[in-house]
*Asks:* 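Before anything else, here's the structure in question.
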Amino acid sequence: MTTILTLPVLLPMLGAAVTVLGSRWATLQRVVGVVVLSVVAVLAGVLLVVADERGPIVTELGGWPAPMGIALVADRLSALLLLVSTLVTLAVLVYAIDQRIADYGRGTASTTFHPMYLMLCAGVSLAYLTGDLFTLFVAFELMLTASYVLITRRTNASRIRAGMTYVTVSLLSSLLFLTAIALIYAATGTVNLADLAGRIGTLPSGLRSVLGLMLLVVFGIKAAIVPLHFWLPDSYPNAPGPVAALFAGLLTKVSFYALLRTQTLLFTRDEPWTLLLVLAVATMLVGALGGLVQNDLNRLLSFLLVSHIGFMLFGLAVFDAAGVAGAALYAAHHITVLATLFLVSGLITRRTGTVALDRMGGLARSAPWLAVLFAVPALTLAGMPPTAGFVAKLALLEAGAAAGVDTRIVAGVVILASLLTLYALVRVWVRVFWGKRRAPLPDEDDADEVVIGTARSSVPMYAATGGLVAVSLAIAVFAGPLTALTARAGADLVDPVSYRTAVLGARASR
Amino acid sequence: MLALVVAHLAVAALLPLVSARHRRAAFGVAAVLPTATLLWALANTAPALHGGLTTTTAWAPTLGLTLSFRLDALALAMVVLVSGIGAVILVYCIGYFGAESPEAPRNAALLLAFAGAMLGLVLADDLLTLYVFWELTSIASFLLVGQSGEQREERRAAVQALLVTVFGGLAMLLGFVLLGEAAGTYVIPEILAAGQAGRLHGGVLTAALLLILLGAFTKSAQLPFHPWLPAAMVAPTPVSAYLHAASMVKAGVYLVARLAPGFSDLPVWWVPVVVVGLATMVVGGWRALSATDLKQLLAFGTVSQLGFLMVLLGSGGPLGEISALAGVALLLAHGLFKAPLFMTVGAIDHATGSRDLRKLSGLRTAMPGTAAAAALAAASMAGLPPLLGFVGKEAAFAGFLDEGGLRGWIVALGLVLGSTLTAAYSARFLWGAFARKPGVEPTPVHHRPGALLTVPIWICSVAGLVLGIAYPVVDVLGASYAAPYPHVSGYHLALWHGLGLPLLFTAVALGGGLVLHAQRDRITALAPRSPLDAQRGYELTIAAIARVALGVTGRLQVGSLPAYLATILVAFVLLPGAATVLGGGWPAGQPLYHSVMQVPLAIVVVIAALAVARAKRRFTAVLLVGVIGYGVGGQFIVDGAPDLALAQFLVETLSLVAFVFVLRRLPADFTEERPPRRVRVPKAVLGTVGGAAVAAFAVVLSGARTEPSSTIGEFVRLAPAEAGANNVVSAIIVDFRALDTLVEIGVLFIAAAGVASLVLATRYDRRGRRRVESGQSSPEHEEDVLG
Amino acid sequence: MTTSRDESHDPMPFEEWDRPREAWLLSGDCRRPGQRSLLLEMTTRAVFPTVLVFSLYLLLVGHYGPGGGFSAGLVAGLAFVLRYIAGGSDDLGAVVRVRAPAVIGTGLVIALLTALAPVAWGAPVLSTTKLAVALPLLGRAELQTSVFLDVGVYVLIIGVVLDLLRALGTGIERDMRDAGEDA
Amino acid sequence: MTTMTTTMTMDPVTINMVMALTVGVLYAVGFTLLLSRSLMRVLIGVVVLGHGTNLLLQLAGGPPARPPIVGTAPPESFADPLPQALALTAIVITFALTTLLLALGYRAFVLVGHDEVQDDVEDRRIARQKVPSAPLEAGDGDEQDVESADDEVEAAAARGRDAAS
């Protein structure tokens, strides 16, 4: 079991190395990628089941006990998010592979895509599993550096600005993270999370909140909390379809996970966190309003992505077991639905040759399956019943309704943001799927990686997207066990005794 | 019951397969399930009237999310409307949509799906279950109104219907959650019991009830949310007849009827219901009098009737029993007269190609059967005996007249006014559709409606007559629903209650209606613009939302990277900074320096750093950065970190080389124009404040340390013995924390690949412009990056 | 290379002290004899192997003093940088025949296998042990298995430096030739 | 561990004035450069910031002490080795990121002829707009249709203003 915990990190890294060594054999690259991620998905499922039954699973790497060595920890929250994330990365990989086959043929190997993709997955896994603050930083770097390469790969003149924005902002956030780690070490003398939980508690409360706020800002940048979110709608939409799907699905949520983990483990609170409530309101509204005015489909989705980060923040801000559980459930749902929508957007763009809403039309007739593939995740994101989005939103609303007057008011904002989200998505539906049919526009830039304006979207691309839709539907169908699981995860988070005991053993009692 | 609902949705999903073979058959197949549902419900009348038939399926019990259903009197009445009329209308569709209609497959599937959702809604025994199906009906309505979305009116109406109803629906959801939180359950009977017992109170209850009413009002097209309903008339007539007359628009009324027994004593409940309901009844009736499109006329009539039902089923009061009874009767009556009237319009439209009552003339003789059926339905609408509409209306008047008092009289008079208008527009409908009008040529009938178009009209109209005569049946049903109200009146539905005020009121309404109809020309001249145009209100709201969205986004999302970075810095300085100022203490005894050697190195680093900030040439800046790097390396030596210093020197050297390689290609000066002072100074200030803040954090936080590092002792003890390394730092890197190292070389791996991909592909960027063909071998740039 | 406005003949203003006056970097292009520096080439030939040996020393000494895989790899890498500056890519290509990405991949694989290998003996991932090896002539030598991780790091870093030389060195040079710019 | 912590006295880790100033200046310069439009300046800002961060990380371990190499000095006089190891990792990562950003700057320069970070075109367009593009009700396909729908919404709004005033 303890070896299994390391494999979600080490296997993709090994896969990345193999795909570089075998970078002339296209099939090898594809097989390695799909096999590795499938194995990781299975392992994540095993971890989830075991962690749910027996409590957090801990591996002390090299046999060195924490806080000396690095501990990997899989508890309910991290195992759940790992499982969902891996399913998403797997589906996106299949989509990307088949897009490439459709555009370049079967024999084309990729020099950078596969290794970077697998490295990114390794980074994501490690970020979920690590029980060490510095390793979390390193995991972020692994994930982010790979994402820099993926987003700037084959950029042209018009898209390179997006790459610069993304890389620069991320670099700043990384350096601030490192600064925060240095300051935390200066104050406490440890970087192990479980150990920190004990040591931070002994600091004066003023300094505790300094560190808490510092980590909030650091993770807030990458999680796209308003007003730290501006970079996101300027950069994600310019990435190629599958890459944007990967980013939208995973990166912000990994940061949110880090926020959730650190705030609940290190900076426990007894009542709702007013500052975060305010930020949640701002995030929900600014994102949703931004989505309303966009003409670029991907930008619109990016703004909605930001908006729904606010939903998760709301759950965290409530800061009780129900709120945190709601946030966890919402994160799991959000990972799948955003990735799906960006994949669908990729399919739409391939068909129409444009991302501009006012230049599309009539796809409901010409591509009914695409309409279905869009409608289901769109309804999910808008939180319409009976989708997963509804269940997750309900969990948040109930937590908010129970926690006090402030949170009830913010629950009202959740409702408003849902309505605005629906409005934005209805705009997409009306512009893209209704109206007169239009001929696809020609690809404006032939030379770049993205081929658009073609009907050549292979069946596996649809199947991969459909697979993600199925994951999202499964979250709704199995909402019973899942909400029970996230409720237990929420209880773990607000009372992290089991986490600390699992990592530190008897030393946790300090 | 869940199985029944799911069966509807599943068959709807499979229906396109049938449509692909035979378009008209799809509607026939679709009609089977509603028929079966109706029969099932009727077969279960006995249990339904005595306690109800329930099933429960847990979905997400942690959240209180269960799918609970109950067949009771109210649900039974609604099932008659939803499934009974649904089946009839689906048969009507066979005739309405031709064998070749491209619209047919979509409509068949959507109508059946809607029937399933609506069935779930009316059977729901749990607030959340109800909400689930509530929104599903909104979505089905959106798709049915929008159709193929090719006409702008369709799109506009569909979006308006969706936004308004979902707005209400979401508000209602919040209300449900608040109510559920207060009551500790979402099960409707338990909540009603808690409400009746007065166990719920306070601001939360007020907010919850108002939010729930908001949902009910939007769905049932109450003032001022009603304009979506007339707008939705762009949908095909069977859709209008089913969704926007018989079933979906009743959902709000139904919800109010469900919850009224628990809460109608509270002013926060009955005041809005009565005020909004009466206003809707009057305004809707008034607007119907000036409509020229027959469907519009019926739509406003529906708005009016929904207001009526809202008052009856929601107002409660001391004699809530009677108005509830009247409400159930009229609920049934409305479905049974409004659906055939709509279908009549469809038949007329089909036969003549027009719905404009100014153009239609002489159809009474051309389509006598249709005319007779429509007359029967319109009579029920106007409240003529012995139809069900009359029975219900009598009871309605009786209830409020008996209640008396200010409230009773106001409501009763309001109802008379509304009923007068109802009688007037009923007459207007019959006159407009069938009468021979002076000066208008008799409208030619292209093809007479066949049996599929007329029989359904007859079925509904006659049902209204039969139930009117067989009023005890409705009475039993209504009494079962009204049971929770106090039994004080002993009132029963009947065709004859003797002479009395209620009968007088009915007569006044009918007479007044005929007078109004006689004065139709003046009214049409008077009516067209009411001062408060709710439709314009909707448009203004949407435009305002767009303007706010544009204003907010335009101001915040400025697209400038420096602005974004500055925001991040401000947040990083401000949030923890404020906390530091508030809660931090400057450590006592902070030394100026620990080792003399730190001072000269620091001076070098600081001077080089300040020079970098001012450097104009790239190369100079890079060299100065090198100086900083070596200076920091020197500090590492002083601090006792030789490994770190070694790595720092080597990395710095390699960085310099890399920079120099790239600088070969770039101009010597920074290409950036020197920005004006008003840009430069704030940036420098922000940067300085940021630096000062970090320094302050460092001092304050490092001064707060009370314990030694958790690990230093272990590391020093174990490094030589267990890790085989005297160099503790090295032991940490390759052994104690080897994972960090592993991941870190992963980062290097990525960076190298990224640099190669960025730089080596550059030479192909400008050549581009060639179409990538399918099946082509490796793109050139890939080969290059491969090495 | 220098910017177009040419004012170098003027008495140099104070802030222009750092203005470049000549190509300050020797080109790596071997085929242009005018740019070759015999002295540098000779020195490099002499220094190159020495530095490589020194890097191996650093690799092995890491457990006992400053050094380790990183520093060793960087030192070796700098040796290749020197070689490139003196002899250009053709010269470098003559020394290193493997693809740089393959070197990097190999380094990573070595490191990862070192991490996973203990599992085969039932030990935790990334655990290390002391191996006693009987060497001919030298007798018994002890070896901490974590040295393999260091070797992986060493190989990977050499690969990274080579890849950087390939991209930033050769690649940019080729771009400049393509663009007709004087190197 | 327990035995060690009790026997070892707690050294004050407080960062001294000179080092605080150094770190502060490095951060200030890094931040300022980061805010400029030239990607090369941004890059240099990142490098300077990186130096500041690595120095801070090392300083977090405490004041200068003997190198932690067993056998060269008594263990009590050792500097805290962990921040050193972390800083070493951080140095390498900063280096990797620097080269990547350098390559990106190069590519930007080759593609657009300079390395300035431009403002986002779409954001500017939206900021200039008065009415949202692609209004909901429009979209029959031709531009004219869009225009007219815009007019309608505007007209409706104007009517409302007139009515209100």
Side-chain angles (χ1 to χ4, degrees), chain B residues 156 539-540 543 546 554 557 559-562 587 590-595 602 606 609 613 621 625 632 639-642 644 651 662 670-672 683-684 687-688 690-691 694-695 698-699 702-703 705 708-709 712-713 716 720 726-729 732-733 740 744 747-748 751 754-755 758-759 762, chain D residues 1 4 10 13-18 20 22-25 27-29 31-32 35 37-38 40 44 47 51 55 63-71 75 79-81 84-85 87-89 91-93 95-96 99-100 102-103 106-107 110 114 117 119-120 123-124 127 132 137 153 156-157 160:
Chain B
R156 190 173 280 194
E539 279 160 18
L540 279 176
Q557 193 74 23
S560 153
L561 178 59
Q590 187 208 15
L592 186 60
Y593 53 82
H594 283 103
S595 155
V606 166
V625 168
V632 169
D639 285 355
L644 207 47
V651 162
V662 171
F670 286 108
T671 42
E672 183 185 33
K683 280 181 182 174
T688 312
V694 172
V699 172
S702 65
R705 170 95 79 87
S709 147
I712 177 167
V716 172
N726 290 339
N727 183 349
V728 183
V729 175
I732 294 175
I733 286 177
D740 281 350
E744 161 201 1
V747 174
L748 274 174
V755 170
L758 279 168
V759 173
T762 303
Chain D
M1 172 172 168
M4 291 301 272
M10 168 64 200
V13 274
T14 314
I15 292 170
N16 65 51
M17 280 305 275
V18 169
T22 314
V23 167
V25 168
Y27 270 89
V29 169
F31 285 153
T32 310
L35 292 176
R37 284 202 172 267
S38 156
M40 192 53 84
I44 289 173
V47 179
H51 286 324
L55 185 55
R66 301 299 305 272
I69 297 171
V70 177
D80 187 349
Q84 295 190 14
L88 187 51
T89 307
I91 287 172
V92 178
I93 288 180
F95 166 71
T99 49
L100 196 59
L102 189 61
Y106 171 75
R107 186 177 175 110
V110 173
H114 56 80
V117 184
D119 279 357
D120 192 284
D123 283 339
R124 304 309 302 168
E137 295 82 4
V153 175

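Given the structure is predicted, the values throughout are model-derived calculations rather than measurements. Sequence lines set the chain letters: A, B, ... in the order given, protein chains first and strands last, and positions in each chain run from 1.
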*Asks:* Who wins among Pro68(D), Ala87(D), Ala85(D), Ala65(D) for the most heavy-atom pairs under 4.5 Å with chain B?
*Replies:* Pro68(D)

*Asks:* For the candidates Ser560(B), Gly554(B), Ala751(B), which exhibits the highest count of non-hydrogen atom pairs separated by less than 4.5 Å from chain D?
*Replies:* Ser560(B)

*Asks:* When you look at Leu88(D) and Gln84(D), which way does the side-chain contact (heavy atoms from CB on, under 4.5 Å) test go after all the steps?
*Replies:* CA-CA 6 Å; Leu88(D) 187 51; Gln84(D) 295 190 14; over 6 Å; no

*Asks:* Can you tell me which of Val47(D), Ile44(D), Val29(D) forms the most heavy-atom pairs within a distance under 4.5 Å of chain B?
*Replies:* Val29(D)

*Asks:* So which atom in Asp639(B) and which in Ala79(D) form the shortest heavy-atom distance, rounded to 0.1 Å?
*Replies:* O-CB, 4.0 Å

*Asks:* Just so I understand: if I count every heavy-atom pair under 4.5 Å between each of Ala127(D), Gly71(D), Ala96(D), Pro67(D) and chain B, which residue has the most?
*Replies:* Pro67(D)

*Asks:* Hey, could you give me the CG/CZ distance between Leu35(D) and Phe31(D), rounded to the nearest 0.5 Å?
*Replies:* 9.0 Å

*Asks:* Using non-hydrogen atoms and a 4.5 Å limit, figure out which bit of Val694(B) sits close to chain D: side chain, backbone, both or neither.
*Replies:* side chain

*Asks:* Nearest 0.5 Å please: distance from the CG atom of Leu758(B) over to the CG atom of Leu102(D).
*Replies:* 10.5 Å

*Asks:* To the nearest 0.5 Å, what is the distance between NE2 on His51(D) and CD1 on Ile91(D)?
*Replies:* 9.0 Å

*Asks:* If you count heavy-atom pairs under 4.5 Å with chain B, which of Asp120(D), Thr89(D), Ile93(D) comes out on top?
*Replies:* Thr89(D)

*Asks:* If you apply the rule side-chain contact (heavy atoms from CB on, under 4.5 Å), what do you find for Leu100(D) with Val755(B), and how did you get there?
*Replies:* CA-CA 5 Å; Leu100(D) 196 59; Val755(B) 170; 4.1 Å; yes

*Asks:* Between Val70(D) and chain B, which part of the residue has a heavy atom less than 4.5 Å away: side chain, backbone, both or neither?
*Replies:* both

*Asks:* Between Ala698(B), Ser595(B), Gly691(B), which shows the greatest number of heavy-atom pairs under 4.5 Å with chain D?
*Replies:* Gly691(B)

